[in-house]
Amino acid sequence: MKYQSRKKAIVLLADGTIFYGKAVGKEGTAFGEVCFNTGMTGYQEIFTDPSYFGQLMVATNAHIGNYGANDEEVESDSIKIAGLIVKNFSYEFSRDLADESLQEFLEKNNLLAISDVDTRALVSYIRDNGAMNALISTEIDNIDALKEKLAEVPDMNGLELASKVSTKEAYFFGNPEATYKISALDIGIKKNILRNLAQRDAYIKVFPYNATFEEMSEWGPDGYFLSNGPGDPEPLSQAIETAREIIERDLPLFGICLGHQVIALANGISTYKMHHGHRGINHPVKNLITGKGEITSQNHGFAINREETEDNSDLEITHIHLNDHTVAGIKMKNKNCFSVQYHPEASPGPNDSIYLFDQFISNMKKVKVEA
């Protein structure tokens with residue numbers, strides 16, 4: 001079988017460290033920021049999540065591909081990761097609902113993947129040394145040439161990527177006869193966010209990443225949503241200005257992940273690149289309003305400044321990540337605006353955070369009743 005004579009491959013980190021493996025199928029070289037996800041399941045959703053655009057994904061679960069791929073389990077129209085690094089890649093799958101093997105799915109999307117890597121050692125290295133640029137390659141005859149190419153890859157800090165994954169034209173999602181109308185800013189939106197909003201009697205118009213407030217408000221929405229997405233939030237000047245105008249008018253606003261960071265920046269709160277980020281489906285968060293704990297799905301490499309948030313009289317911290325006490329949620333005290341750093345639409349088992357969509361609908365309902 002062809003996977004018994006696979007080509008040798010490497011993971012080359014920006015600091016020169018090398019890990020060895022073998023090509024899964026496709027051969028070549030792929031570049032990006034190396035990161036890892038601790039999820040035991042959900043690999044297809046991870047690969048198609050726009051928030052991972054431009055990143056080399058290390059799967060910490062030892063077996064990837066064992067349940068194949070299903071056409072419905074995608075978060076966008078294509079694979080968004082730059083490359084995949086795994087320990088054991090399963091060419092065979094054992095799920096009736098699968099439409100194809102993961103190898104076929106990767107080949108269809110032209111993604112380079114390598115296996116037989118000591119991912120336990122690689123993840124430990126990232127935890128100690130931080131996320132950094134890297135490459136995966138089967139073209140290993142000239143390591144020095146690969147190092148030169150890797151040195152030219154731009155750093156994620158300061159990199160604007162929302163424009164790479166956002167829709168080019170506005171489009172609608174859901175039932176046109178729904179009770180609520182929502183304008184959503186697509187800075188890397190996941191399909192399941194749209195599904196969750198539509199399931200709650202909302203009709204959504206999705207706008208490109210650089211849409212103005214005037215463009216988003218023209219069709220008379222009841223609320224506004226800022227999506228998740230990849231890259232550094234600070235270069236998103238138009239999105240920050242759009243959020244600022246929504247907030248000034250006290251219109252219902254909800255932000256997730258990158259949208260959460262944009263709302264913070266609109267309030268003068270700075271963001272920073274994390275050492276290695278939060279990526280997984282088992283991150284513990286405490287809701288400071290209810291006192292309850294939540295098991296959450298997270299995917300972000302940037303966070304908002306906690307001290308600045310605590311010092312801002314207009315903001316209240318609503319959620320805290322229990323592993324490192326970073327800010328996981330905020331709300332404005334005198335405006336109809338709240339946001340979270342994690343993904344309530346991602347339900348890998350627990351549905352602890354799904355109430356946030358209900359909260360957004362409730363906020364819009366109150367405004368409609370008062371009007």
Side-chain angles (χ1 to χ4, degrees), residues 35-42 45-46 49 51-52 55 57-61 119-120 123-131 190 192-193 196 226-230 233 254-265 267 269-312 315-333 337-360:
C35 64
F36 61 89
N37 188 292
T38 59
M40 294 287 285
T41 59
E45 291 89 338
I46 292 167
D49 182 349
S51 294
Y52 283 119
Q55 293 182 306
M57 173 56 57
V58 182
T60 64
N61 187 24
T119 52
R120 191 177 179 90
V123 168
S124 179
Y125 194 87
I126 297 170
R127 284 189 183 276
D128 290 340
N129 297 278
K190 294 170 66 178
N192 209 33
I193 288 175
N196 270 278
L226 305 183
S227 82
N228 61 291
F254 177 31
I256 288 175
C257 196
L258 185 58
H260 160 80
Q261 296 160 16
V262 167
I263 287 173
L265 288 163
N267 280 281
I269 305 300
S270 65
T271 59
Y272 63 94
K273 190 174 188 302
M274 304 175 74
H275 184 261
H276 57 265
H278 293 155
R279 297 177 180 90
I281 59 177
N282 54 355
H283 286 251
V285 163
K286 183 176 182 179
N287 184 323
L288 300 180
I289 306 299
T290 65
K292 294 182 178 180
E294 300 174 24
I295 301 302
T296 69
S297 177
Q298 303 208 6
N299 168 23
H300 58 100
F302 289 81
I304 73 172
N305 186 293
R306 177 166 179 171
E307 290 185 5
E308 293 177 10
T309 307
E310 291 173 335
D311 291 340
N312 189 309
L315 295 176
E316 177 181 355
I317 297 176
T318 57
H319 300 77
I320 290 293
H321 194 296
L322 292 177
N323 285 349
D324 59 7
H325 306 291
T326 51
V327 178
I330 58 173
K331 72 174 182 178
M332 298 195 66
K333 296 177 180 178
C337 172
F338 73 104
S339 62
V340 291
Q341 183 63 80
Y342 52 98
H343 287 268
E345 82 289 345
S347 305
N351 293 295
D352 301 11
S353 306
I354 207 74
Y355 69 90
L356 292 161
F357 289 107
D358 298 323
Q359 182 178 327
F360 183 38

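Note that the coordinates shown come from a computational prediction; the quantities given were computed from them, not determined experimentally. Side chains included, hydrogens not; waters and symmetry mates left out as well; all remaining heavy atoms used. Heads up: numbering here begins at 1 and tracks the sequence.
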Inset, instruction - Report the C-alpha separation of D49 and N299 in whole Å, then their side-chain angles, then the decisive distance to 0.1 Å, and conclude whether the side chain to side chain donor-acceptor pair (under 3.5 Å) test is met. - result: CA-CA 9 Å; D49 182 349; N299 168 23; 3.2 Å; yes
Inset, instruction - Could you walk me through whether Y342 and H260 pass the side-chain contact (heavy atoms from CB on, under 4.5 Å) test, one step at a time? - result: CA-CA 9 Å; Y342 52 98; H260 160 80; over 6 Å; no
Legend entry - Check against side-chain contact (heavy atoms from CB on, under 4.5 Å), L356 and V340: CA-CA 9 Å; L356 292 161; V340 291; 3.8 Å; yes
Inset, instruction - Would you check if K333 and L315 make a side-chain contact, meaning some heavy-atom pair closer than 4.5 Å? - result: no
Inset, instruction - For T326 and Q341, run side chain to side chain donor-acceptor pair (under 3.5 Å): C-alpha distance rounded to whole Å, both residues' side-chain angles, the deciding distance at 0.1 Å, then the answer. - result: CA-CA 10 Å; T326 51; Q341 183 63 80; over 6 Å; no
Inset, instruction - Nearest 0.5 Å please: distance from the CG atom of N37 over to the CD atom of Q298. - result: 11.0 Å
Inset, instruction - Report yes or no: do D324 and H278 form a side-chain donor-acceptor pair below 3.5 Å? - result: yes
Inset, instruction - Give the minimum heavy-atom separation between I289 and E316, together with the two atoms involved. - result: CD1-OE2, 3.3 Å
Inset, instruction - Would you please name every residue forming a side-chain contact (heavy atoms from CB on, under 4.5 Å) with E345, sequence neighbours left out? - result: K190, N192, I193, N196, I256, H343, F357
Legend entry - Partner of H283 by ring pair (Phe, Tyr, Trp, His ring centres under 6.0 Å), out of H321, H300, H319: H321
Inset, instruction - Please lay out, stage by stage, how T296 and E294 fare under the test side chain to side chain donor-acceptor pair (under 3.5 Å). - result: CA-CA 6 Å; T296 69; E294 300 174 24; over 6 Å; no
Inset, instruction - For residues F254 and F338, establish whether the separation of their ring centroids is below 6.0 Å. - result: yes
Legend entry - Whether over 12 other heavy atoms sit under 6.0 Å from K286 NZ: no
Legend entry - Residues, nucleotides or ligands: over 12 heavy atoms within 6.0 Å of M274 CE: yes
Inset, instruction - Determine, stepwise, if the pair Y355 / N287 fulfils side chain to side chain donor-acceptor pair (under 3.5 Å). - result: CA-CA 12 Å; Y355 69 90; N287 184 323; 2.9 Å; yes
Inset, instruction - Taking the side chain as every heavy atom from C-beta outward, state whether I269 and I304 have any pair of such atoms under 4.5 Å apart. - result: yes
Legend entry - T318 OG1 to Q359 CD distance, which is reported to the nearest 0.5 Å: 8.0 Å
Legend entry - Nearest non-hydrogen partners of N267 and N312, listed with the distance: O-ND2, 3.2 Å
Inset, instruction - Give the minimum heavy-atom separation between T38 and G280, together with the two atoms involved. - result: OG1-CA, 3.4 Å
Legend entry - Derivation of the side-chain contact (heavy atoms from CB on, under 4.5 Å) call for V58 and V123: CA-CA 8 Å; V58 182; V123 168; 3.9 Å; yes
Inset, instruction - Would you mind reporting whether N305 and T271 have side-chain heavy atoms less than 4.5 Å apart? - result: no
Inset, instruction - Please name the pair of heavy atoms, one in N323 and one in P284, separated by the smallest distance, quoted to 0.1 Å. - result: OD1-CG, 3.4 Å
Inset, instruction - Answer whether the closest heavy-atom distance between the side chains of R279 and F36 falls below 4.5 Å. - result: no
Inset, instruction - To the nearest 0.5 angstrom, please state how far the CD1 atom of I330 sits from the CG atom of L288. - result: 12.5 Å
Legend entry - Contact summary for G229 and S51, nearest pair of heavy atoms: N-OG, 3.3 Å
Inset, instruction - Count the heavy atoms belonging to other residues, nucleotides or ligands that lie under 6.0 Å from CZ of R306, then report whether that count exceeds 12. - result: yes
Legend entry - side-chain contact (heavy atoms from CB on, under 4.5 Å) between Q261 and F302, worked out: CA-CA 8 Å; Q261 296 160 16; F302 289 81; 3.8 Å; yes
Inset, instruction - Would you check if C337 and K331 make a side-chain contact, meaning some heavy-atom pair closer than 4.5 Å? - result: no
Inset, instruction - Please report the closest heavy-atom contact between V327 and I320, naming both atoms and the distance. - result: CA-CD1, 4.3 Å
Inset, instruction - Report yes or no: does S124 contribute a side-chain atom to a donor-acceptor pair with the main-chain N or O of R120 at less than 3.5 Å? - result: no
